[in-house]
Amino acid sequence: MSGLEEFRSRVEAFLGARYPRRPEMLRHGQGDDSLVGAAFRDSDDEVGDLQRARDYQRELFDAGLAWLGGPVEYGGAGLGAEERRAFAEIVRRYDVPDVNGLLVGQQIIAPAILAHGSAGQRARLLPALWSGELVGCQLFSEPGAGSDLASLRTRARRTDGGWRVDGQKVWSSGAHLAHVGELLARTSPDPASRTRGLTMFLLGMDSLGVTVRPLRQMTGTAHFCEVFLDDVFVPDDAVLGEVGGGWAVANVSLNSERDNFGDEGANLFIRLLDRLVLLGQEIGATEDPDVRDRLADGYIRHVIGQVLPASLENAVPEVAAAGASLVKLFATDADRRLAQLALDILGPALVADTGAWGTYAWSRVLLGIHATRIAGGTDEIQRNILAERALGLPREARSFQGGR
Amino acid sequence: MSGLEEFRSRVEAFLGARYPRRPEMLRHGQGDDSLVGAAFRDSDDEVGDLQRARDYQRELFDAGLAWLGGPVEYGGAGLGAEERRAFAEIVRRYDVPDVNGLLVGQQIIAPAILAHGSAGQRARLLPALWSGELVGCQLFSEPGAGSDLASLRTRARRTDGGWRVDGQKVWSSGAHLAHVGELLARTSPDPASRTRGLTMFLLGMDSLGVTVRPLRQMTGTAHFCEVFLDDVFVPDDAVLGEVGGGWAVANVSLNSERDNFGDEGANLFIRLLDRLVLLGQEIGATEDPDVRDRLADGYIRHVIGQVLPASLENAVPEVAAAGASLVKLFATDADRRLAQLALDILGPALVADTGAWGTYAWSRVLLGIHATRIAGGTDEIQRNILAERALGLPREARSFQGGR
Amino acid sequence: MTIVAPTEEQQALRGMLRSFFAERWPEEALRTAAGSAHGHDAQLWKAMAEDLGLHGLAVPEDLGGGGFTYPDLLVVFEEMGRALVAGPFFASIAMASTLLLALPDRDAQERLLPGIAAGERIVTVAAVETPTSWDATRVAVDATGTGGARTITGEKLFVLDAEVADVLLVVVRTEHGTGVAEVDTAAPGVRVEPMATVDTTRRQARIVFESSPARLLAPDHDATPAVRRMCDLAGVALAAEQVGGAHRVLEMATAYAKTREQFGRPIGGFQAIKHLLADQLVSIESARAALGYAATATVTGTGLPVAASVAQTLCSEVFSAAAETNIHVHGGIGFTWEHQAHLYYKRAVSSEVLLGRPRDHRARIAAHLLASPETA
Amino acid sequence: MTIVAPTEEQQALRGMLRSFFAERWPEEALRTAAGSAHGHDAQLWKAMAEDLGLHGLAVPEDLGGGGFTYPDLLVVFEEMGRALVAGPFFASIAMASTLLLALPDRDAQERLLPGIAAGERIVTVAAVETPTSWDATRVAVDATGTGGARTITGEKLFVLDAEVADVLLVVVRTEHGTGVAEVDTAAPGVRVEPMATVDTTRRQARIVFESSPARLLAPDHDATPAVRRMCDLAGVALAAEQVGGAHRVLEMATAYAKTREQFGRPIGGFQAIKHLLADQLVSIESARAALGYAATATVTGTGLPVAASVAQTLCSEVFSAAAETNIHVHGGIGFTWEHQAHLYYKRAVSSEVLLGRPRDHRARIAAHLLASPETA
């Protein structure tokens, strides 16, 4: 048995012993009709979801299946891309807990710690984030600086043994449930310093002076938070990277976030498409050539969503480097098309609940897609990145790189 | 009989005596299958078309039906909007010569002469342009300044009794057949003067040193020209408006051009749509729900194209003032949709000539639409105008108003 | 093709309504109504009826109305769409009142219209039975019995504001084809089941009838033409609401773009935002032109079905796109509950499918176009 | 779903071809061929076959070819699409050679393929009969007679590069269903009538057969699977051409946007142009991903029909849009005859409808999807 085959059967054994297999074929009318959680990031039971995710993650970690690509010294498995793909493929067949609530810590904060953290930070935080012990949140955006991070106003001032932070953050996903926040703050008072005056901190979310207020979204749930920082003390050893070097640390996180977006989005997309196909068949809409045409378009976008990241690795280097922006634009466009198709198929039944299985559930999808065009950098930011970095077109007067 | 009714019967009598009525119902397979000329601005026989247009125009002029809204002292009829609409409605029913070749003189140059011309220029040129005696062309754009007129480089230098002009113009519609050109040139050598250094001239196209070279377009025909000006003498009395006041004169012409675009475009559009409906029925494509859907969309755009200019007159003043840009964006979008529908209906028969009546003729339409998005100011220029003037959004660092 | 310019009266009405709603329908009132059990503000309702006489504006004077034209009434819908007024005005006026006026039943008109016009009686129309398509004439529910006295059993979906309605006009099957039956919401066997809705400013309900007593209106006639006329006229009213809403969200987005700074300048100075908003303006003015065209057709009567569908298609798509753009231009704040942007968006997508999807209306237009192509 | 990264050999082939066409296919050569009677450059043809062995690249070695894979050949099509090479390579290689390899007729393969592979014999496929839809299997022309010796009478449309072809493979009706008949263009009763074409770099013709002698290939088989396989593989080759062309026009537009100044700065500095080009990049990379997916399917064989349609749909639409964008970014100069932009645009719209419109391919995909939805 090759190493890869051995790995596959280890994964199958681990998951098979713990979780039910998903049915091979989805059926309309079977099981929970919610599209949330299973196929869409916006749950009504975040606390329960998160606890299940942490328990699952702990078991994965103990089995060496949590951080497949990570260095062994920090609890990773030191495996390659083939194994990661194999795991992703297998795990999709099992009804495992949704680990969305852990992704910020693992996909956004951990890469920054790995790249810029001290030995102590790495040893303490990387295993904790990947075992589900600690939940992370990002504290970048501010009310006055959505996509324009260089204009942040949260201030950190030197004090004995550390810093005192004042300011307000916003759009922090899951901050109300998080233990550790990746906090970008201004440590140089000179406004002209812009990016050079920023420093990254690893903030304990239970610190005195931290107030978290979940922001209710248009879907009715509250996933994003405002975070108020009122004279919060942060010790010196919580600085991540260099003082004044926060910009570089932030970019590691932002790039990882964009990279991660593609994989996750692609997996959610096919579940929505499958459900829509079944719904269309159930209500006889798939006889309509327009519906058929647009379902086929959805299938095409599903296929491309699957192969685009790998294809971009073979693109010219400038395009490959901006690949995450390209994938995000592709995916948000695909999501919008699918949501509009659902509206056209369901008509009045999408906007008012007839009680029929799996119909009004689409309203949450339609309302939720608007967040994806903004979170993680707006469409406009992504297009700027592509135009400037991939195509080498002139930069804006004052441009910038990331989002959220 | 009211004045309007009297006017209508006068028009009917004039046209009825001279021109055949168009058939009430178009039929597929009947008559010339060309979409050019009748329904699309890009003819293979420009010289013949122009002569017929001039003869027709002369007769209209002598009957007091040429310049309906113009002042009586310059050969106009001094009539109002109702009569103009009535004339347009009636003339559509007769198979009259296509007057496209005269429109630059009448719709673009004449308004500038009326607004800024000397008494002599008005008396001499306005009747001549409106009677078809003189054909006009516009000499604004240059190779280095497409939509950016403020950066023109054609120079006019003072000499005894006039000016000597050197430079090159481009995209001059019909210049190879024109008698008089509306020439915008730089009369102040200071590049910082930009718009203040421009002067407008009325150039005799037979002047020594004027060379006209028709530019072949992608459709294969040559409607636009390059015009080379090599030490061309222009007398003082050919200055239109003030020396250094050319910018204001140009804006009269550019606004008139945009205003005119809407009416003309709307009339061409319905002829194309009718032909496409008949074609679709002929080849059985109108059973396809997608084709039906898009033909209906075409019909909607036809309706809106007809009523949009009148509707915009009732909009808030800033929007009404930028109405021509709005109409142009609406119309070019409608044209593109229709051309794409023709391609989807005809498929291979649009790109290769099967010999079937009225099929390959659409290829000229598909190729020709690209000019409409650029001529008269690109889509981007029109959007800037709307954003800045109608919505009051901030101006570009260095913006500008017109096109062509 | 013609379009009639707004009259001076209409301009005055518009100005008056704009001040009225600015004062009487502040955001708190909207939020309160949207979050309430029935989505209705009885005080505003009373003021609209008693102080302004809006409910009966287009009802003939001898039926207790103001005797104005339908285009006059459209100004009201446009301003209400702009202000996102919650409640049963659309149901009671654009639908029920219109249906009554279209039916050849003078008794019913005299019985019901004065109350509707006075805002004292709320009436709504129960028509649709198919879950995924809004079709008011494809009905199966029978009205058993003879003459005016009938009994009905069955279900209706997507009935607007039924919870606050006093009377239902139920579209039924009869021996003549289609009929309209008057049923009291308080009558025996009538069960109103509220449906969860995306747009909480306009509620919908399922209604179950079990041997409910009903009075068949114009019992000797096929009501199909009247129901169709109601759909057309209500469609134009909906288009007016949509145009009003679309203008409002464009204004919100434009105002925000002028003040919100990113990268050291207002985001409205970036060409991407400028052109996005310019495109919305093109669409919205096109929609307004379509509305003007349809408004004219409500008076001349010629080509109303096609004109109504032209307006419905364009105004539906334009309002949804503009409302989405508004969310997008506002960035993160745009999809919070606290911002108004989502309320307009929810109204927009709900309206988009209310009286038929854009695609359904285009299918109607195509049928007309292919039967008799317009020649130049 | 997998996608195979390009091999080192393919990368070397790509580099070699790019230099070769840059040198041997300058704009003058393209213009000369496009303006010539037959749209074919015999010298280039010879060099491609003799110096590079491109014609037989994917033909097995025992049939005179190079024995390379179809994905290797796709690199050639991508580079030819990029360089807008005129002539019958697509017809003779992507269509005729592919069809011969798919037919169970060793004799025909041995008779025809070595000549095709050597570039000595030009073969094209005559299939379509319906004027407005490119469908290679819906044929009515009969091959009368028995066994291999047949006679055909009828018409075929949209036959690529027939004027320079030596042999036609004619798709016909036979007693087994569909058949493929070999006909010499010089045979009696064969009349090749050139059609005017938008894209003069790839000519098309109507062919009229009047009792023309024909040799039926694989006479005991239904050729439907072989014809379908040709359509799929040729579709992927066309997608490769389209991706190559799309990349090229994006490069042209981007380069122009960097140098062309308006309002005192390069037009590529305006966000409207930047975002327009960024959107094209997203589309083109999506198309390239689709091509990679389909290329992989040509080897694994699983799901080729769907993969080919996925690639055809996306690559067709993307190339047309990119070519139109290129014209637009170039402004006035972009629609002059003298600029290359229109040549790519004409190739793009012609290719868009060549082996079925995007919509036709989506209908195929829908049939597959609705038969067996992919489960996650």
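Naming convention: chains lettered A, B, ... in sequence-line order (proteins, then strands); numbering from 1 in each chain. Bear in mind that the values here come from a model prediction, so they are computed numbers and not experimental data.
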Atom group of B/Glu380 that falls short of 4.5 Å from chain C, counting heavy atoms: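 The answer is both parts of B/Glu380.
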
In terms of heavy-atom proximity below 4.5 Å to chain C, should B/Val291 be classed as side chain, backbone, both, or neither?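 B/Val291 has no heavy atom closer than 4.5 Å to chain C.
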
Has C/Arg248 got more than 12 heavy atoms of other residues, nucleotides or ligands less than 6.0 Å from its CZ?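 Counting other residues, nucleotides and ligands, CZ of C/Arg248 exceeds 12 neighbours.
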
In terms of relative ring orientation, are C/Tyr256 and C/His330 parallel, tilted or perpendicular, with 30° and 60° separating the classes?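 Geometry flag for C/His330 against C/Tyr256: parallel rings.
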
Which one wins on heavy-atom pair count under 4.5 Å against chain C: B/Asp379, B/Val319, B/Asn314, B/Leu273?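 Among the listed options, the one with the most contacts to chain C is B/Asn314.
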
Largest heavy-atom contact set with chain C, pairs under 4.5 Å, which of B/Thr286, B/Asp297, B/Ile300, B/Leu386: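 Ranked by heavy-atom pairs under 4.5 Å with chain C, first place is B/Ile300.
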
Do C/Ser320 and C/Glu352 meet the criterion of a side-chain donor-acceptor pair at a distance under 3.5 Å?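 Present: a donor and an acceptor within the cut-off.
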
Hydrogens and angles aside, do C/Glu285 and B/Ser311 bring a side-chain donor and acceptor to less than 3.5 Å of each other?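 Looking only at side-chain atoms, B/Ser311 and C/Glu285 do not form any donor-acceptor pair under 3.5 Å.
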
How far apart are the closest heavy atoms of C/Ser133 and C/Arg138, and which atoms are they?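 Nearest heavy atoms, C/Ser133 then C/Arg138: OG-NH2, 3.5 Å.
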
Determine the option with the most heavy-atom pairs under 4.5 angstrom with chain B, choosing from C/Gly292, C/Pro266, C/Ala5.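 Counting heavy-atom pairs under 4.5 Å, the top option is C/Ala5.
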
Of the backbone (N, CA, C, O) and the side chain (C-beta and beyond), which part of [X] lies under 4.5 Å from a heavy atom of chain B, both, or neither?
X        : answer
C/Thr254 : both
C/Leu250 : side chain
C/Leu281 : both

Verify, without hydrogens or angle tests, whether C/Asp72 (side chain) and C/Thr69 (backbone) share a donor-acceptor contact under 3.5 angstrom.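 Looks like yes, one N/O pair under 3.5 Å.
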
